[in-house]
Amino acid sequence: TSSDVVHVLELSAESNVSLVARRTDGVTEPLFLGVHGASCGVDAAQSCASGTPAFLNRTLPAGTYHVVVESIAGFAGPYALTALVTAP
């Protein structure tokens, strides 16, 4: 994958987090979405998704997370990232 973009998500309390990364340019190649804790404590197998759109829903403890959006080389382009954070 290429063209990584990193967003920071800070949670002050345990929360249910739903993330959707969706292409806005009509390209049908998948996006890759990952959530990683600052201490790498989040299991990678539990925190990654891909698709068109890429959707991820997890309950996460309070802390700082890095949300990574990637695409396949040659298919980098605009996307929208939507985050919904609610009580678990």
Side-chain angles (χ1 to χ4, degrees):
T1 57
S2 67
S3 301
D4 301 1
V5 177
V6 179
H7 304 269
V8 176
L9 174 65
E10 294 186 14
L11 300 175
S12 59
E14 180 179 68
S15 301
N16 185 54
V17 178
S18 296
L19 299 165
V20 179
R22 165 183 341 254
R23 291 191 177 277
T24 58
D25 59 1
V27 172
T28 59
E29 290 297 319
L31 288 172
F32 300 89
L33 181 60
V35 176
H36 307 280
S39 65
C40 297
V42 176
D43 180 2
Q46 296 289 322
S47 63
C48 298
S50 66
T52 308
F55 174 76
L56 184 66
N57 179 269
R58 297 287 181 267
T59 298
L60 299 172
T64 300
Y65 297 88
H66 297 103
V67 178
V68 180
V69 180
E70 303 174 272
S71 65
I72 295 173
F75 292 99
Y79 69 92
L81 178 63
T82 302
L84 176 62
V85 179
T86 59

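Owing to the predicted nature of the structure, the values given are computational and were not obtained by experimental measurement. Any value given below was found using the heavy atoms of this structure, including those in side chains, with hydrogens, waters and symmetry copies removed.
Among all heavy-atom pairs drawn from Ala76 and Ser71, the shortest one is CA-OG, 3.3 Å. In plain terms, the two heavy atoms of Pro78 and Asp25 that are nearest each other are CD-OD2, 3.4 Å. Across all non-hydrogen atoms, the minimal contact from Ala54 to Ala49 is CB-O, 4.3 Å.
At least one side-chain heavy atom of Pro30 sits less than 4.5 Å from a side-chain heavy atom of Ile72. Counting heavy atoms from C-beta outward, Val69 and His7 have side chains that approach closer than 4.5 Å.
Rounding to the nearest 0.5 angstrom, the gap separating the CZ atom in Phe55 from the CZ atom in Arg22 is 10.5 Å. Once rounded to the nearest 0.5 Å, the distance linking OH of Tyr79 with CG of Leu31 reads 8.5 Å.
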Name each donor-acceptor pair under 3.5 Å that joins a side chain in residues 8-20 to protein atoms two or more places apart or in another chain, with its distance.
residue : atom : partner : partner atom : Å
Ser15   : OG   : Ala13   : O            : 2.9
Asn16   : OD1  : Thr59   : OG1          : 3.4
Ser18   : OG   : Asn57   : ND2          : 2.5

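Hydrophobic clustering (side-chain heavy atoms under 4.5 Å, transitive across Ile, Leu, Val, Met, Phe, Trp, Tyr) groups Leu33 together with Val5. Hydrophobic clustering places Val85 together with Leu81 (ILVMFWY residues linked when any side-chain heavy atoms are closer than 4.5 Å, directly or through intermediates).
Using a distance-only test at 3.5 Å, with no hydrogens or angles considered, a donor-acceptor pair links the side chain of Arg23 to the main chain of Glu29.
Shown here are the side-chain contact (heavy atoms from CB on, under 4.5 Å) partners of Val6, two or more places apart in sequence or in another chain: His66, Val68.
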